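In what follows, every chain begins at residue 1, and chains take the letters A, B, ... in the order their sequences are listed. Source: prediction; values computed, not measured.
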Protein chains: 2
Amino acid sequence: MAEKYDVFQAIADPTRRRLLELLAGKELSISTISSHFTMSRTAVTKHLYVLESAGLVVARKIGREKLYCLEAKPLQKLRTWLTFYEQLWDNKLAILKNVVENNHSEE
Amino acid sequence: MAEKYDVFQAIADPTRRRLLELLAGKELSISTISSHFTMSRTAVTKHLYVLESAGLVVARKIGREKLYCLEAKPLQKLRTWLTFYEQLWDNKLAILKNVVENNHSEE
DNA sequence: ACTATATACAACCAAATGGTTGCATGTCAA
DNA sequence: TTGACATGCAACCATTTGGTTGTATATAGT
């Protein structure tokens, strides 16, 4: 598999979002996690790898089990990214910005 | 090309995030937009299609030009999604939740 | 020691993704 | 009407993605 995954990429897949939801506040083994999905355990493992490499989950090995849990911090990056666009929810500000930038020298 | 794109999918690609940034508060033609990228105009058009089908940009045709601008509203969906995980930034709450759910019957 | 269970990993596959080039079409301007 | 410009669109291509199966290895329990 590949090297490094992005937070944006990691959350793009619906299955991976379900995984994050499932792991919120819980610590679950791969088998337990897989039991919530119809796809194979291997497929789930791959998704977990993507999430892990994006820093969104962390794992520790206990005996023969590998326990995963959510790590929400990297989502702050997304939060920051969003903040910029929140100003434009309803684009009143955007229109104003445009007016200021392009029309302020008229009349 | 395919049918419908998701907001999560749409913002997964760095090029498309650059496009959104470029179109914030501005209305630009495909050619003008393309001039900001090294890839072909066709490639840019495809990215714009993805964004459009996710509702993140809107276009109107003026003469021979097609003008695109940002439509931030669909990002609210992402904002809502994020809110759930914000509680877990630092996982104090998560730990507490775990304690309450699993250990409250002890002693 | 034997068997169950939990995971790891390689190999393979179809479809989606992100890009290209070439050509057709519509529109503006002289 | 003749270019030049702006876009549309089909065909093609390599790589990535999301999934599979099969086999190997490590650990737990009896």
Produce the list of close N/O pairs, under 3.5 Å, pairing protein atoms with atoms of nucleotides 19-23 of chain C; give distances to one decimal.
{"from": "C/dG19", "atom 1": "OP2", "to": "B/H47", "atom 2": "NE2", "distance (Å)": "2.2"}
{"from": "C/dG19", "atom 1": "N7", "to": "B/K46", "atom 2": "NZ", "distance (Å)": "3.2"}
{"from": "C/dG19", "atom 1": "O6", "to": "B/K46", "atom 2": "NZ", "distance (Å)": "2.4"}
{"from": "C/dT20", "atom 1": "OP1", "to": "B/S40", "atom 2": "N", "distance (Å)": "3.3"}
{"from": "C/dT20", "atom 1": "OP2", "to": "B/S40", "atom 2": "N", "distance (Å)": "2.8"}
{"from": "C/dT20", "atom 1": "OP2", "to": "B/S40", "atom 2": "OG", "distance (Å)": "2.6"}
{"from": "C/dT20", "atom 1": "O4", "to": "B/K46", "atom 2": "NZ", "distance (Å)": "3.3"}
{"from": "C/dT21", "atom 1": "O4", "to": "B/T42", "atom 2": "OG1", "distance (Å)": "3.4"}

> Looking only at side chains, do B/T32 and B/S29 share a donor and an acceptor under 3.5 Å apart?
Replying inline: yes
> Starting at NZ of A/K61 and ending at P of C/dT5, how long is that distance when rounded to a whole Å?
Replying inline: 18 Å
>> Enumerate the ring pair (Phe, Tyr, Trp, His ring centres under 6.0 Å) contacts for residues 7-37 of chain A, please, sequence neighbours excluded, ordered by first and then second residue.
In response: A/F8-A/W81
> Among all residues two or more places apart in sequence or in another chain, which pass the side chain to side chain donor-acceptor pair (under 3.5 Å) test with A/R79?
Replying inline: A/T83, B/E86
> Quick one: SG on B/C69 to CG on A/L88, what's the gap to the nearest 0.5 Å?
Replying inline: 11.0 Å
>> Test of understanding: clusters of I, L, V, M, F, W, Y form through side-chain heavy atoms closer than 4.5 Å, transitively. Do B/L75 and B/L22 belong to the same one?
In response: yes
>> In the structure I gave you, are the side-chain heavy atoms of A/V58 and A/E52 within less than 4.5 Å of one another anywhere?
In response: no
> Over how many whole Å does the gap from B/F8 atom CZ to C/dA16 atom P extend?
Replying inline: 21 Å
>> Using OP1 and OP2 only, check whether a side-chain N or O of B/Y5 sits under 4.0 Å from C/dT17.
In response: yes
> What is the distance from CD of A/Q9 to P of C/dA16, rounded to the nearest Å?
Replying inline: 18 Å
>> Expressed as a whole number of angstroms, how long is the span from B/L48:CG to D/dC9:C1'?
In response: 15 Å
>> Output the rounded distance in Å from CG (B/L51) to P (C/dG18).
In response: 11 Å
> Who passes salt bridge (Lys or Arg N to Asp or Glu O under 4.0 Å) against A/R17, sequence neighbours left out?
Replying inline: B/D6
Using the 3.5 Å cut-off, write out each protein N or O paired with an N or O of nucleotides 28-30 of chain C and the distance between them.
none

> Under 4.5 Å between any side-chain heavy atoms of A/L28 and A/Y68, yes or no?
Replying inline: no
>> For a 4.5 angstrom cut-off between non-hydrogen side-chain atoms, does B/E21 reach B/L23?
In response: no
> Any sub-3.5 Å donor-acceptor pair from A/R16's side-chain atoms to A/I11's backbone N or O?
Replying inline: no
> B/D6 has an atom CG; how far is it from atom P of C/dT17, in whole Å?
Replying inline: 11 Å
> When syn is taken as a glycosidic angle within 90 degrees of 0, is C/dA4 syn or anti?
Replying inline: syn
> Quick one: B/Y49 OH to C/dT17 P, roughly how many Å, whole number?
Replying inline: 11 Å
> Hey, mind stepping through B/K66 and B/R60 against side chain to side chain contact (heavy atoms under 4.5 Å, CB included) and telling me if it holds?
Replying inline: CA-CA 6 Å; B/K66 195 170 178 185; B/R60 59 177 182 137; over 6 Å; no
>> Tell me the bend of the helix from C/dT5-D/dA26 to C/dA30-D/dT1 as the angle between end helix axes, each from five pairs, rounded to the nearest 10 degrees.
In response: 30°
> Is any side-chain N or O of A/K66 closer than 4.0 Å to OP1 or OP2 of C/dA6?
Replying inline: no
